[in-house]
Amino acid sequence: MTVDVSELVRLRSHRPEAIAEAAARRPRRPLLNASGRLMIVAADHPARGALGVGGHSMAMANRADLLERLCLALSRPGVDGVLATADILDDLLLLGALDGKVVLGSMNRGGLQGARFELDDRFTGHRPEDIERLGFDAGKLLLRIDYDDPGSLTTMESTARAIDDMAARRLPVFVEPFLSHRTPEGKVRNDLSAEAVTKSIAIASGLGGSSAYTWLKVPVTDNPDDMAEVMAASTLPAVLLGGEVGDDQDGAYEKWRGALQLPTVRGLVVGRSLLYPAQGDVAAAVDTAVGLL
């Protein structure tokens, strides 16, 4: 699909109600199909100021290019849906690319990449009432905890209330937890050791007044062989996240392949490594990931 930016701008300028109309008529599907597996493409990075992919610091800055990559990915067999912020989902609604797909609204994007307040991750994206109003299927939130940063407590409390609000609407929410720390240079780094990921899962699983609608979105640990023990920390359903783009895409596939066999792991939520693969072939990268399920 070639995205006509002029047409999108025309609709946004002259008929902004077209977005709500597209959401209202969008054909929906259950969160899980007959296979019980999920393949979601993620594109909520730009709203946190995270535009880089690999060594290209502004790779995601061209919105038309990003939308074309998303439309291609969503058109591939086995891709269930997309995770994004309102601006991107509104464009995809106008393009008709969300019909029959699972749609996850990204909820907290206030922890801007590189900011001093990065770990005070306010909920600046979709609210539970927005997800319900638009007929979307679930929400996603990021929970990074630094034991030395008081902003993490604000994020934890906000996360718990968001889980409560989603559960009250019987809407699933995917919680992406990390234990994090700042380097001497001030950059936030996520700890992917088995102990840290296990603790983050335990903390996230206990947030809110009900876990009935809570899913986990978790990374593969530094040593993939640790995943079986790590995932034993919770009975909540989980999906694997894709993480940073690297040159060793085959290695990433192998990490996912093993973890996908674990009983609580139900699928993948992957963004940049599929939308901007090192080899440049989006369709091939997506098809390979789908094949792992």
Side-chain angles (χ1 to χ4, degrees), residues 18-45 47 67 70-71 73-109 123-143 159 161-176 204 207-208 210-218 236-242 264-271 274-275 286 289-290 293:
I19 293 170
E21 292 169 0
R25 65 173 178 267
R26 182 179 75 90
R28 296 182 63 183
R29 51 154 278 182
L31 179 69
L32 295 175
N33 58 24
S35 73
R37 307 291 259 177
L38 268 179
M39 177 67 212
I40 303 294
V41 179
D44 60 342
H45 312 84
L67 291 172
L70 280 168
C71 288
L74 286 166
S75 73
R76 302 306 298 172
V79 174
D80 293 292
V82 64
L83 157 65
T85 46
D87 55 333
I88 293 174
L89 293 182
D90 289 348
D91 282 339
L92 292 174
L93 281 169
L94 293 173
L95 292 168
L98 300 183
D99 291 356
K101 297 296 183 181
V102 173
V103 181
L104 279 64
S106 188
M107 302 175 74
N108 63 324
R109 297 280 85 187
F123 282 67
T124 59
H126 285 100
R127 302 166 300 175
E129 54 263 42
D130 298 322
I131 295 170
E132 181 180 49
R133 171 177 52 83
L134 291 163
F136 292 162
D137 305 289
K140 172 261 179 180
L141 55 87
L142 176 62
L143 175 63
T159 295
R161 301 293 77 79
I163 290 171
D164 289 339
D165 289 345
M166 292 291 282
R169 292 169 168 83
R170 299 186 178 183
L171 286 169
V173 58
F174 289 69
V175 180
E176 181 179 350
L207 292 176
S210 171
S211 65
Y213 293 89
T214 305
W215 286 59
L216 299 173
K217 181 172 179 275
V218 300
L236 299 185
V239 291
L240 304 177
L241 61 92
T264 61
V265 179
R266 311 308 301 162
L268 288 167
V269 178
V270 187
L274 298 186
L275 294 172
V286 171
V290 169
L293 300 177

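Worth knowing before you read on, the calculation uses all heavy atoms, side chains too, and leaves out hydrogens, waters and symmetry mates.
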S.K.: Please report the C-alpha distance between Val270 and Leu241 in whole Å, then the side-chain angles of each, then the deciding distance to 0.1 Å, and finally whether the side chain to side chain contact (heavy atoms under 4.5 Å, CB included) criterion is met.
M.R.: CA-CA 6 Å; Val270 187; Leu241 61 92; over 6 Å; no
S.K.: Go through it in stages, so that I can follow the logic: the residues are Met107 and Arg127, the test is side chain to side chain contact (heavy atoms under 4.5 Å, CB included), and I'd like the CA-CA distance, side-chain angles, deciding distance and then a yes or no.
M.R.: CA-CA 6 Å; Met107 302 175 74; Arg127 302 166 300 175; over 6 Å; no
S.K.: For Glu132, give me all partners under salt bridge (Lys or Arg N to Asp or Glu O under 4.0 Å), at least two apart in sequence or on another chain.
M.R.: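 If we apply the salt bridge (Lys or Arg N to Asp or Glu O under 4.0 Å) test to Glu132, skipping adjacent residues, the hits are Arg169.
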S.K.: Once side chain to side chain donor-acceptor pair (under 3.5 Å) is applied, do any residues pair with Ser210, and if so which ones, sequence neighbours excluded?
M.R.: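 Once residues adjacent in sequence are excluded, Ser210 has no partner under the side chain to side chain donor-acceptor pair (under 3.5 Å) criterion.
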S.K.: Of all the heavy-atom pairs spanning Ala43 and Ala84, show the shortest one and how long it is.
M.R.: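 Shortest heavy-atom separation between Ala43 and Ala84 comes out as O-CB, 4.0 Å.
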S.K.: Closest approach of Ser106 and Thr85, non-hydrogen atoms and distance?
M.R.: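 Taking every non-hydrogen atom into account, CB-CG2, 3.8 Å.
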S.K.: So, Asp164 side chain and Gly208 main chain: donor-acceptor pair closer than 3.5 Å or not?
M.R.: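 No, because the side chain of Asp164 does not come within donor-acceptor range (under 3.5 Å) of the backbone of Gly208.
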S.K.: Listing request: all salt bridge (Lys or Arg N to Asp or Glu O under 4.0 Å) pairs with a residue in residues 84-107, at least two apart in sequence or in separate chains.
M.R.: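 Those involving residues 84-107 are Arg12-Asp91, Arg63-Asp87.
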S.K.: Tell me the closest heavy-atom pair linking Ala289 and Leu268, and the distance in Å.
M.R.: O-CD1, 3.9 Å
S.K.: What's the separation between atom CG in Leu93 and atom CG in Leu98, rounded to the nearest 0.5 Å?
M.R.: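 These two atoms lie 4.5 Å from each other.
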S.K.: Apply side-chain contact (heavy atoms from CB on, under 4.5 Å) to Pro172 and list each qualifying residue two or more places apart in sequence or on a separate chain.
M.R.: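 For Pro172, the residues satisfying side-chain contact (heavy atoms from CB on, under 4.5 Å) (neighbours in sequence not counted) are Leu31, Ala138, Phe174, Trp215.
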S.K.: Should the pair Arg29-Asp80 be classified as a salt bridge under the 4.0 Å nitrogen-to-oxygen rule?
M.R.: yes
S.K.: If I take atom NZ from residue Lys217 and atom CG from residue Leu143, how far apart are they, to the nearest 0.5 angstrom?
M.R.: 12.5 Å
S.K.: Hey, does Leu293 have a side-chain heavy atom less than 4.5 Å from the side chain of Ser35?
M.R.: no
S.K.: Drop me the distance from Leu104's CG to Asp44's CG, to the nearest 0.5 angstrom.
M.R.: 9.5 Å
S.K.: Look only at the side chain of Arg28 and the backbone of Gly135, and say whether a donor-acceptor pair between them is shorter than 3.5 Å.
M.R.: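 Looks like yes, one N/O pair under 3.5 Å.
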S.K.: At what distance, to the nearest 0.5 angstrom, does CG of Leu274 lie from CZ of Arg76?
M.R.: 12.5 Å
S.K.: So, for Val102 and Pro30, which heavy atoms are closest and what is the spacing to 0.1 Å?
M.R.: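 Of all heavy-atom pairs spanning Val102 and Pro30, the closest is CG2-O, 3.8 Å.
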S.K.: Tell me if a side-chain donor or acceptor on Arg266 pairs with a main-chain N or O of Leu38 at a distance below 3.5 Å.
M.R.: no
S.K.: Would you please name every residue forming a side-chain contact (heavy atoms from CB on, under 4.5 Å) with Val265, sequence neighbours left out?
M.R.: Met231, Leu240, Leu260, Leu262
S.K.: Using ring pair (Phe, Tyr, Trp, His ring centres under 6.0 Å) as the criterion, list what pairs up with Phe136, not counting sequence neighbours.
M.R.: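 Phe136 satisfies ring pair (Phe, Tyr, Trp, His ring centres under 6.0 Å) with His126 only.
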S.K.: Give the minimum heavy-atom separation between Leu275 and Ala42, together with the two atoms involved.
M.R.: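 Closest approach of Leu275 to Ala42: CD1-O, 3.6 Å.
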S.K.: Could you tell me the separation between the CG atom of Leu236 and the OH atom of Tyr213, rounded to the nearest 0.5 Å?
M.R.: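 Reported to 0.5 Å precision, the distance equals 14.0 Å.
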S.K.: Shortest non-hydrogen contact from Val41 to Ala73?
M.R.: CG2-CB, 4.0 Å
S.K.: Test side chain to side chain contact (heavy atoms under 4.5 Å, CB included) on Asn108 and Lys140; report intermediate values, then the result.
M.R.: CA-CA 8 Å; Asn108 63 324; Lys140 172 261 179 180; 5.7 Å; no
S.K.: Going through the distances and angles, do Glu176 and Val239 end up as a side chain to side chain contact (heavy atoms under 4.5 Å, CB included)?
M.R.: CA-CA 9 Å; Glu176 181 179 350; Val239 291; over 6 Å; no
S.K.: In Å, rounded to the nearest 0.5 Å, how long is the span from CG of Asp165 to CD1 of Ile163?
M.R.: 10.5 Å
